[in-house]
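The next block holds one structure in the form of structure tokens; read it before the comments.
All of these numbers come straight from a predicted model, not from anything done at the bench.
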Amino acid sequence: MSTEEKSAAPRSLAEALRVRDDVSLAALLRSRPDLITPVPTDLTQLATRAATRASVVRALERLDRFTLQTAEALAVAPDPASYGELLGLMAGDEEDPAVAAALPRSAALLREQALVWGADDRLRLVRTARELLAPSPQHPSPTGLGPTVREATAGMSPGRIQEILAAVGLPSTHDSVSAVSALGGLFADRRRMAALLAGLPAESREVLDRLVWGPPYGQVTHDPAAHLRALLDRGLLLPTAPGTVVLPREVALHLRAGRAHRAPEPVPPPVEAAATHRPQVVDATAAGQALAALATVDELLKEWDEGGPSVLRAGGLSVRDLKRTAVALDVPEPVAAFWVELAYGAGLIASDGAVDERYAATPAYDEWRELPPAERWARLAGTWLTATRTPGVVGGRDAKDRTLSALGPNLDRSAAPEVRHRVLALLAGLPEGASPVAESLLARLRWERPLRGPRQQRETGTGETRDDDLRSRIARWTLSEAELLGVTGRGALAAPGRALIGAPEAPRPAAEETAEPEGPGDKLPVHHHRTPPLTAPPTPAERAAATATAARLLAPLFPEPLDHVLLQADLTAVAPGPLEQELADVLGVLADVESKGGATVYRFTPGSVRRALDAGRSAADLHAFLARHSRTPVPQPLTYLIDDVARRHGRLRVGAASAYVRCDDDATLDEILADKRAAALGLRRLAPTVLAAQADPAALLEGLRAIGFAPAAESAAGDVLIARADSHRTPPRAAPEPVPDGPPAPDDTLLAAALRAVRAGDLASTTPRKPGPGGEESGGEGGAPGGAPGGTLPRTGAAETLATMQAAVLTGEALWIGYVNAEGAASQRVIAPIRVEGGFVTAYDHTADEVRTYPLHRVTGVAELADDAG
């Protein structure tokens, strides 16, 4: 390296950033968006922010496994290290070709994200990253390596170090520094080290083999055995504390053949396909699941239509209410929690905010039901994909050991949207119609985001990876939830689900239908190249376009809604498919759902018919409705049921007195008074056709209906009250906002503006100034340029300031000024004066990259820039 090259090499991260072009800086800010919030004033501040602990930890957590292994290798390499030394640590003495091929990409990624800086012959890991990843007794390195000889012998007596030199056959030295260097050189020399190890007993070699891959620390007694004494005498084990020894890093690297990691992973593990199905079958299955999802959400909202469960004091559903909802939906409790959270996330249910707070449908639910089915599904699927609320954690415990309840607080997991999107993207990378092997998909995710904490080990002692991390659990929940929602069918990504994540539609060869096997046992070949790379999260506009495309692809897969049912003599009606919305609404009031599936079975009961009559329908309306929508003749038992319930409906009237019962037939009132089951209502006769009750009207209605009567509620004016399906709605409520995982990725407009501001601020802080009268640069103490640490604002008199600016207007030169704004905040700027008049200077401000006007009395001073300023 020549003297000129050395002088041109960056001496700090700020200097390394300063020589980058705008494309490289934009890539840095896009990959680490926390660096742009707020926009740094110059590149020095950007470098300082990039080296802070919080930012470095966030950046390390987003590295893939091999890039993280590269950073870990640099943390145990000399500082600075050459690319050759890094390659030796990663590829070993054998120079693994796969590692050698992948290392340039990972090194470039570390340099792009400002975790590594410097030329290839002087690579430096930023200090904070080295502190996080370097080995220490309290936090072992993920590489399993221990301290270097120099670090391990820091507190050792000079005499003991000389004894070790003599034991390994090295000449004594005059000082400990040269002795340690000689010992480290011996351990790093492959040939001499092999000869040294060859002279050890077999038991000593076994001890080294147990420590070589970590942890490098071991325990010894005050009188160690002969094979341990041989290692201690030669410095192959060095004491770190009473009874504790460590294997020096140089010795371990020799035993590892130079490798920092036992198993480098340069290539991501492929996602294996477990089974394949015809794409048409996958899409049809997903469409069926999507219809079932819409029906389930609709059933949930109808269940809570007139006021759902109470809100717990701490927020959320009680365990009992969740069980009750699961029974009503005929699903397990975890699945019920998923549907409840999905409806809540879509803004379809919320708390009503009343004194006796309850969950209920929102006005948005009525708007949602008016949408076409495919658009309703797309809204639910889009909500699920971006939601941070994670229903899978319901039933678990929070940090304070409290049970996490559905719709309650503390369910947000900021990693959920990214994991869901990535799981679907990996499915999109498989051959169309293929379902994945779940374990291979989880292994791929763990490779892409291996670090869950800066010091946390990711492997067990047997080398097997643990599956207890949150990302893996979210991935498993994603696979099951996507199937429930109809994003996937038979485990494979359907065409609407592919569109939902913005993946291109896969081509379908003409011979595909017969060439691909069908069934869960058929294995597909492994595909490495089909897996898409990690991408930036989509923008809101891209998400809206994706959901619209998904709805468009799903609409043809839905069957046409039917306008008829099949009435049967056993008081049931069969809907052989999805019904038109109006027909489904009326039938849902007139009958109870008995079974669901490909065909829905409705059963007519006295209670269901009374419910339709309460909603304002007459017997004639119901007869006409059934005759109009039935493909079979209306059975006589059903006609009799409607007429019988209608004949008795409304003969009794219940109103608010506290409550009363009114009936024109006093014999009916006599029957009620004689019934022992009515004793709890506290009834007494006020007149031949009126009974008073101690119960409130609602309880009185329920009590009389339980006995077998069909009372109707009436208003204070004596009119029958009609119970409508949308009787209870919450006030307008906004859907819960996702909790972001850090700052959002900046868009191109923000990046361009930020780069201009940073470049201009850096120009102001680094531009050289002409020397002042004393020979020093104007405005800088001790010659430090303004803007550098310790720099001050330029100071000149008012006359000199005015004269210098007027001269700059004529010559077109740029000036460096100090400026104090109206709030008293001081700053320094590089300006090109355009006009000076009326006590103001109008100039192009290089710092702000725009033309501005400044009052001259707020300018502290002015200095000319050096002639060679860039």
Side-chain angles (χ1 to χ4, degrees), residues 30 33 279 282-287 289-291 293-294 297 342-343 345-348 364 367-368 371-390 414-430 432-433 436 441 445 474-475 477-479 481-489 491-508 530-558 735-741 744-749:
R30 190 176 286 110
V282 171
D283 292 347
T285 303
Q289 286 295 114
L291 272 178
L294 294 179
V297 172
L342 182 63
L348 305 181
E367 300 172 5
W368 177 76
L371 297 174
E375 294 183 23
R376 280 190 280 154
W377 176 87
R379 178 170 170 181
L380 292 178
T383 297
W384 167 76
L385 190 61
T386 59
T388 55
R389 290 184 65 84
T390 311
S414 56
E418 180 195 353
V419 174
R420 292 193 194 107
H421 194 280
R422 188 57 189 152
V423 167
L424 297 186
L426 291 173
L427 295 184
L430 290 173
E432 193 177 15
L441 187 142
L445 291 175
I474 293 176
W477 295 331
T478 297
L479 292 174
E481 291 168 1
E483 193 74 13
L484 283 173
L485 198 51
V487 176
T488 60
L493 190 64
R498 189 181 296 271
L500 192 66
I501 60 171
E505 190 172 354
R508 297 185 180 180
R530 296 293 299 274
T531 304
L534 286 168
T535 57
T539 63
E542 291 171 340
R543 284 197 296 267
T547 54
T549 304
R552 178 177 56 80
L553 293 177
L554 182 63
L557 301 176
F558 278 168
E737 289 291 333
V739 177
D741 183 17
D747 57 22
D748 293 339
T749 303

Between Leu426 and Leu445, does a side chain to side chain contact (heavy atoms under 4.5 Å, CB included) hold up when you go through it step by step?
CA-CA 9 Å; Leu426 291 173; Leu445 291 175; 3.8 Å; yes
Under 3.5 Å donor-acceptor, Arg379 side chain and Ala346 backbone:
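Yes, because the side chain of Arg379 sits within donor-acceptor range (under 3.5 Å) of the backbone of Ala346.
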Flag, side chain of Thr390 to backbone of Thr388, donor-acceptor distance under 3.5 Å
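Checking the backbone N and O of Thr388 against the side chain of Thr390, a donor-acceptor pair under 3.5 Å is found.
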Evaluate the criterion side chain to side chain contact (heavy atoms under 4.5 Å, CB included) for residue pair Asp748 and Arg30; output intermediate values, then yes/no.
CA-CA 9 Å; Asp748 293 339; Arg30 190 176 286 110; 3.4 Å; yes
If you look at every heavy atom in [X] and [Y], which pair is closest and at what distance?
{"X": "Leu557", "Y": "Ala287", "value": "CB-CB, 3.7 Å"}
{"X": "Ala416", "Y": "Ala387", "value": "CB-O, 4.0 Å"}
{"X": "Ala546", "Y": "Leu500", "value": "CB-O, 3.5 Å"}

How far does [atom1] of [X] sit from [atom2] of [Y], to the nearest 0.5 angstrom?
{"X": "Ile501", "Y": "Glu542", "atom1": "CD1", "atom2": "CD", "value": "13.0 Å"}
{"X": "Leu342", "Y": "Arg389", "atom1": "CG", "atom2": "CZ", "value": "12.0 Å"}
{"X": "Arg376", "Y": "Leu348", "atom1": "CZ", "atom2": "CG", "value": "10.5 Å"}
{"X": "Leu554", "Y": "Thr549", "atom1": "CG", "atom2": "OG1", "value": "12.5 Å"}
{"X": "Leu427", "Y": "Leu479", "atom1": "CG", "atom2": "CG", "value": "6.5 Å"}
{"X": "Leu485", "Y": "Gln289", "atom1": "CG", "atom2": "CD", "value": "9.5 Å"}

Looking at side-chain heavy atoms only, is the closest gap between [X] and [Y] below 4.5 Å?
{"X": "Leu385", "Y": "Thr547", "value": "no"}
{"X": "Leu371", "Y": "Trp377", "value": "no"}
{"X": "Trp477", "Y": "Val419", "value": "no"}
{"X": "Leu380", "Y": "Leu294", "value": "yes"}

Sequence neighbours left out, what passes side chain to side chain donor-acceptor pair (under 3.5 Å) with Thr478? Give chain and number order.
none
With sequence neighbours excluded, tell me which residues meet side chain to side chain donor-acceptor pair (under 3.5 Å) with Trp384.
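Checked Trp384 against side chain to side chain donor-acceptor pair (under 3.5 Å); matches are Glu481.
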My understanding is that only residues two or more places apart in sequence, or in another chain, count here; which of them pass salt bridge (Lys or Arg N to Asp or Glu O under 4.0 Å) with Asp747?
none
